[in-house]
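First listed ligand is number 1; within each ligand, the first listed atom is number 1. The first residue of the sequence shown is numbered 1, and numbering continues consecutively from there. Only this structure's heavy atoms are used, side chains among them; waters, hydrogens and symmetry mates stay out.
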Amino acid sequence: MRVHGTPYRTVWMEGGAVHLIDQNRLPFAFAVETCAGHRATAEAIRHMTVRGAPAIGAAAAFALAQAYAEAALERDPDTYLREARARIEGTRPTARDLFHGVERVWAAAAGARDPAAAAVEAAQALADESVEACRRIGAHGAALVGDGARVLTHCNAGWLATVDYGTALAPVYAAVGSGKRVHVWVDETRPRAQGARLTAWELGAAGVPHAVIADNAAAYLMSRGEVDLVIVGADRVAANGDVVNKVGTLAKAVCAREFGVPFYVAVPPSTFDASVPDGPGIPIEERSEDEVHYQTGPDDEGTVRRVRVTAPGSAARNPAFDVTPARFVTGYVTECGVFAPGALPESCFSGWGTAGEGTGNRGQGTAFPAPGAAA
Ligand code: MRU
């Protein structure tokens with residue numbers, strides 16, 4: 001994606017350093033953070049300088065590649081690497097992509113003649129394949145977004161949440177790119193406001209018409225027939241198709257079912273987890289109460305301030321994700337097509353790589369109508 005005319009990925013590795021677009025500073029400032037070693041990259045994941053499942057996965061893969069380079073200078077490289085892996089895996093528990101990225105680099109380096117070089121190569125390949133998977137999600141999903149469609153999305157599952165293109169927003173960008181008129185309702189996504197801050201910024205930069213809505217407004221808009229389809233991303237999809245995504249996704253799915261609005265989940269291969277039978281088996285990250293108590297943004301003079309928005313002395317609870325049962329999902333938008341619950345090909349769970357690269361059965365998907373098509 002382009003920022004002020006310059007093409008960017010969300011995360012990349014160059015000269016041994018990992019570079020990340022600082023998502024905590026957006027939309028009020030655009031800055032790139034440079035992480036010289038794996039500890040700094042792991043901290044960037046923990047502090048959500050980089051966030052969104054596929055972006056976290058690439059950052060984790062790069063972090064482990066950095067650790068392999070560092071380990072070569074250590075007296076006990078094996079212990080160093082084991083500790084580095086645990087440090088990276090301990091940053092955020094929910095997104096499957098993080099573990100996928102680490103496992104893939106670990107496997108590539110194990111037994112390689114030059115483990116450090118193999119690790120970097122594997123991490124770069126993962127990032128490239130992640131970009132291609134998201135591009136394909138966009139190409140398949142664009143058919144669901146009709147001319148004039150009003151799409152509702154939750155959190156940020158745009159290009160900032162991935163290495164490039166996005167998952168939930170990839171079909172929107174592809175549809176707009178093919179000349180369709182699309183309007184996006186952007187859920188604010190409290191408490192961290194990934195929708196209000198990141199999705200709105202992305203769509204604005206891409207010239208896509210949109211409006212931010214309070215999370216509580218979505219049901220009302222659906223009840224009035226002002227939403228043609230919902231598309232969200234995922235942090236992990238269990239073997240039975242249950243979807244773990246940003247807290248608030250479940251409420252959208254239930255409302256969408258009630259009001260007859262199609263509910264799609266856009267998922268790259270790195271997010272599927274066949275080892276967990278169903279959603280309740282997926283670990284849900286609980287984050288600091290302070291994210292509920294405080295909001296951060298510029299005042300009228302442009303000074304960024306943190307202000308309290310809850311009653312002093314009140315406790316808060318902050319689960320970062322929720323579980324949407326597969327029965328609420330109309331279809332999964334994948335790199336190999338759009339599939340109804342129960343029809344996901346096994347290759348979604350077992351393969352990695354883009355279609356045509358020998359990763360097994362890549363079906364054509366179920367033909368879904370474009371719900372937002374103007375009459
Ligand atoms: O806590 P975050 O901001 O990392 O959560 C992100 C989400 O929940 C996204 O919807 C999900 O990772 C899909 S991103 C393509």
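- For atom 6 (C) of ligand 1, the nearest protein heavy atom (residue, atom name, distance) is Arg51 NH2, 3.5 Å.
- Close approach to Thr162 involves these atoms of ligand 1, each under 4.0 Å from a residue heavy atom: 15 (C).
- Summary of contacts: the protein heavy atom closest to atom 14 (S) of ligand 1 is Ala161 CB, 3.5 Å.
- Closest to atom 13 (C) of ligand 1 by heavy atom, among Ala95, Gly52, Ala234, is Ala234.
- A cation-pi arrangement is present between Arg308 and Tyr294, with the terminal nitrogen or guanidinium carbon under 6.0 Å from the aromatic centre and inside a 45° cone about the axis.
- Contacts of Val232 with ligand 1, taken as heavy-atom pairs under 4.0 Å, are absent altogether.
- When each atom of ligand 1 is checked for a heavy atom of Gln194 under 4.0 Å away, the hits are 1 (O), 2 (P), 3 (O).
- The environment of Glu121 atom CD is sparse: at most 12 non-hydrogen atoms of other residues, nucleotides or ligands sit within 6.0 angstrom.
- Formation of a donor-acceptor pair under 3.5 Å by the Asp22 side chain with backbone atoms of Thr49 is not found in this model.
- Judged by distance alone, with hydrogens and angles left aside, the side-chain atoms of Thr189 form a donor-acceptor pair with the main-chain N or O of Asp187 at under 3.5 Å.
- Listed by number with element, the atoms of ligand 1 under 4.0 angstrom from any heavy atom of Ala157 are 14 (S), 15 (C).
- Here Lys246 has heavy atoms under 4.0 Å from ligand 1 in both its backbone and its side chain.
- Residues Val163 and Trp159 fall into different hydrophobic clusters, defined by Ile, Leu, Val, Met, Phe, Trp and Tyr side chains chained together at heavy-atom separations under 4.5 Å.
- No close placement of the Tyr68 and Tyr80 rings is indicated, their centers lying 6.0 Å or farther apart.
- Protein heavy atom at the shortest distance from atom 11 (C) of ligand 1 is Asp235 OD1, 3.2 Å.
- Residue Phe259 qualifies as enclosed at atom CZ: its count of foreign heavy atoms under 6.0 Å is above 12.
- From the protein, the heavy atom lying nearest to atom 15 (C) of ligand 1 is Thr167 OG1, 2.9 Å.
- When the shell of 6.0 Å around CZ of Arg87 is examined, it contains more than 12 heavy atoms from other residues, nucleotides or ligands.
- At the top of the distance list for atom 10 (O) of ligand 1, counting protein heavy atoms only, stands Asn245 OD1, 2.7 Å.
- Contacts between Arg92 and ligand 1 below 4.0 angstrom, taking non-hydrogen atoms only, involve the side chain exclusively.
- Within the 4.0 Å heavy-atom shell around ligand 1 one does not find Thr271.
- If you look at Met48 next to ligand 1, the close heavy atoms, those under 4.0 Å, all belong to the side chain.
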Review point. Going through the checks in order, is the side-chain contact (heavy atoms from CB on, under 4.5 Å) test met by Val254 and Arg257?
Key: CA-CA 5 Å; Val254 171; Arg257 170 59 50 89; 5.8 Å; no
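- The side-chain heavy atoms of Val184 and Val208, taken from C-beta on, include a pair separated by under 4.5 Å.
- Close contacts of ligand 1 with Ala53, meaning ligand atoms under 4.0 Å from a residue heavy atom, involve 12 (O), 14 (S).
- Set against the non-hydrogen atoms of Pro54, the atoms of ligand 1 under 4.0 Å away are 14 (S), 15 (C).
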